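Data first, discussion second: the structure below is written as structure tokens.
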2 protein chains.
Amino acid sequence: MTSVTNARVVFNEIPSAYPEPGRTTVYDKSATICLDEVTLNGGVLVKTLFLSVDPFLRGMMRDPDIELYSPAFEIGKPIYGYGVARVLRSEIAGIEVGLYVEGILSFQQYSVLPNLAAFHIIDEKHKVPLSYYLGVLGMPGKTAYMAWKEFSRAKAGETAFVTTGAGPVGSFVIQLAKLAGMKVIASAGSDEKVAFMKSLGADVAFNYKTMDTLEVLQKEGPIDVYWDHVGGKYLDAALGTARVGGRFIECGMITQYNDAGAQTLKNLINIVTMSLSLHGFIVFRDLEHKYNEEFYSLVPELVSSGKIQYREQVYDGLETVGEVLMAVQKGINEAKAVIRVAADV
Amino acid sequence: MTSVTNARVVFNEIPSAYPEPGRTTVYDKSATICLDEVTLNGGVLVKTLFLSVDPFLRGMMRDPDIELYSPAFEIGKPIYGYGVARVLRSEIAGIEVGLYVEGILSFQQYSVLPNLAAFHIIDEKHKVPLSYYLGVLGMPGKTAYMAWKEFSRAKAGETAFVTTGAGPVGSFVIQLAKLAGMKVIASAGSDEKVAFMKSLGADVAFNYKTMDTLEVLQKEGPIDVYWDHVGGKYLDAALGTARVGGRFIECGMITQYNDAGAQTLKNLINIVTMSLSLHGFIVFRDLEHKYNEEFYSLVPELVSSGKIQYREQVYDGLETVGEVLMAVQKGINEAKAVIRVAADV
């Protein structure tokens, strides 16, 4: 009956631009929890092992009066997102102590969950690192795999352009496009990321900070499939260099998340003249129900066998979350950002 | 063996903004043709009865070095577009003198055509005015019918917003949306056009010059299907008031045809967050092969029976073409613009 600290990351203030460590979120060690005796009310007690810092968390740091596909974080409460946890105690039939689960968790060390209906029970037979269930085997991997299946209509010999190609979604998309027999152009923001994209098979990989995207596409295009993570002038460059019938998979527009300003585009008219289609989606709302079974039956094996490559960047401790939130928005992390909350997996 | 005048409208100069009568195009009466003796080389001689002045002609008045879905007009030669003609002489088996045909014609009184492979032979049993084959039974009608079938995924109870709703495409789309059981919001640029759209069944019809499109949509939306003819701030307003899963049918962006400037939009991010899809198309390239048979088997009867309403604005004489080209770009014509080239149909 000893209480232990239940450290957490609390939402403190709505940011106007990039989230600031210590201001937008605060690391707080004041809460405690009694692991043996906390009431479960028919649920489970879990210990958080890994938490995922994803770009979409920025959209939840907003005025709750603004409607969006995701809820808004509450000031004074922990932020939450995808995580992997281990079951410490269970009052749910069939859920054994020691199971690993993946789903939405508060950014704190321990949580009592009323049920695990929205969680994925990790099958350890695939022998992949648990944190991969926050990346290539989690929401980012589903985003890449499911939207590619749904919208790409990929044909061998065509050309794809993938932005944020070193991230957990883009790096999977590059590999899916290569498996489909396409020429792949990929961009990212550092030379190290460029080297990684080349190692994945990208035919043309470039650093968008040192090379002009439009010039690269004019030389290497036209493009048939555009995987958008960035919007703005990159979207405009893709519109301007698309082939007739091109498919634009609108996964994100990070240039717009931290900037309320409008986007100025020259080539929107090409949507009409080049018969382009643009497809927006939110994976858990639009695609997960359709592809979840296929995903878990195919992708873990592709990853464990090395047919699909993956990398991540692990940060140690909940106290790093504020910095990592900002790094992910600015794109200065080198790979999928994961927080290791506890080492004793 | 008497020669007659073969008056024509010649492309004279590439316009930088709106086409100017007498400068962009010139009405020219210098050419003659000998109707009895002109050599057909196995083709036909036709007399032009009606010519269609469509918005897309503007895109052909360009530097031929700029690639687009349509060819560029040649300086010094007649412009061309959709027209209806009567066969005066024929050397083609099965093509009788007196037949009416619809297809691409030079803007001149008489033409020798090598074949009629790309022409539609008008079936007179439907007893609709010949000029309708340039409107509701021609390219604009196909544009409305085929793209609606292909992209709208219309459901009863949903809401559609149709721009340029008094034009030949938009007025058809309004009626298709009503037939599908939708609430229809429609915009046009004069109060007379607003009254026409209401007569077609539009639930909300408004003049975009005197009312704010965004305000109307905020009050009457959210919208599930957007039929775009205009682009720019109207597209932005539709993006800002779309329901999750909205379909945008990108038929045109006339705000961009006469203005090389860029478009500034605030709500492109909604493509992602609201899971919108945008579908560009060029009807003759993308849809006609799929839907042509269905179109001609269903739509003439819908029109002759009055189930689909249609109206047009007929201008008399080739000499009016320059003015009408400008009027169509500025949207100051009151209905589908057709030139009556000859009265003796």
Side-chain angles (χ1 to χ4, degrees), chain A residues 55-56 59 62 66-70 143 147 150-151 222 228-233 235-236 239-240 242-287, chain B residues 55-56 59 62 66-70 143 147 150-151 222 228-233 235-236 239-240 242-287:
Chain A
F56 78 86
R62 66 175 194 274
I66 302 170
E67 274 192 55
L68 199 63
Y69 61 94
S70 56
T143 298
E150 181 77 3
F151 302 120
D228 196 5
H229 275 125
V230 288
K233 68 178 180 176
L235 170 58
D236 207 27
L239 288 167
R243 199 169 350 234
V244 167
R247 288 82 67 195
F248 282 48
I249 304 177
E250 294 298 326
C251 185
M253 294 190 183
I254 203 164
T255 59
Q256 217 173 352
Y257 297 169
N258 297 289
D259 175 4
Q263 304 265 334
T264 299
L265 284 83
K266 284 188 212 164
N267 298 315
L268 284 169
I269 186 70
N270 288 19
I271 298 173
V272 179
T273 58
M274 303 301 281
S275 301
L276 308 180
S277 59
L278 280 67
H279 304 276
F281 67 98
I282 299 295
V283 68
F284 65 79
R285 181 177 66 199
D286 305 315
L287 301 173
Chain B
F56 78 85
R62 70 177 193 273
I66 302 169
E67 273 192 59
L68 199 62
Y69 61 95
S70 56
T143 298
E150 181 78 3
F151 302 120
D228 196 6
H229 277 126
V230 289
K233 66 178 180 177
L235 170 58
D236 207 26
L239 288 167
R243 195 164 1 227
V244 166
R247 289 80 68 195
F248 281 49
I249 304 178
E250 294 297 326
C251 185
M253 296 191 182
I254 203 165
T255 59
Q256 216 175 354
Y257 297 170
N258 297 288
D259 175 5
Q263 305 263 336
T264 299
L265 283 84
K266 285 187 212 165
N267 297 315
L268 283 168
I269 185 72
N270 288 19
I271 298 173
V272 179
T273 58
M274 303 300 282
S275 301
L276 308 180
S277 60
L278 280 69
H279 305 276
F281 68 99
I282 300 296
V283 66
F284 65 78
R285 181 178 64 200
D286 304 314
L287 301 174

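Order of the sequence lines sets the chain letters (A, B, ...), proteins ahead of strands, with each chain counted from 1. The structure displayed is predicted, hence computed values, not measured ones.
- From A:Ser277, atom OG reaches atom CZ of B:Phe281 across 13.0 Å, with rounding to the nearest 0.5 Å.
- Considering only heavy-atom pairs separated by less than 4.5 Å from chain B, the leading option among A:Val244, A:Thr264, A:Asn267, A:Asp228 is A:Thr264.
- Of the options A:Ile271, A:Leu268, A:Leu278, a side-chain contact (heavy atoms from CB on, under 4.5 Å) to B:Glu250 is made by A:Ile271 and by none of the others.
- When heavy atoms are compared at a cutoff of 4.5 Å, B:Leu276 approaches chain A solely by way of its backbone atoms N, CA, C and O.
- Closest approach of A:Arg285 and B:Met274 over heavy atoms only: NH2-C, 3.5 Å.
- Separating the CE atom in B:Met253 from the OG1 atom in A:Thr273 is a distance of 9.0 Å, to the nearest 0.5 Å.
- For A:Phe284, there are no ring-ring contact (aromatic ring centres under 6.0 Å, His included) partners at least two apart in sequence or on another chain.
- None of A:Asp286, A:Val283, A:Leu287 except one satisfies the side-chain contact (heavy atoms from CB on, under 4.5 Å) rule with B:Ser275; the exception is A:Asp286.
- By the salt bridge (charged side-chain N to carboxylate O under 4.0 Å, His left out) test, A:Arg62 pairs with no residue at all, sequence neighbours left out.
- Looking only at side-chain heavy atoms (C-beta outward), A:Gln263 and B:Gln263 stay at 4.5 Å or farther from each other.
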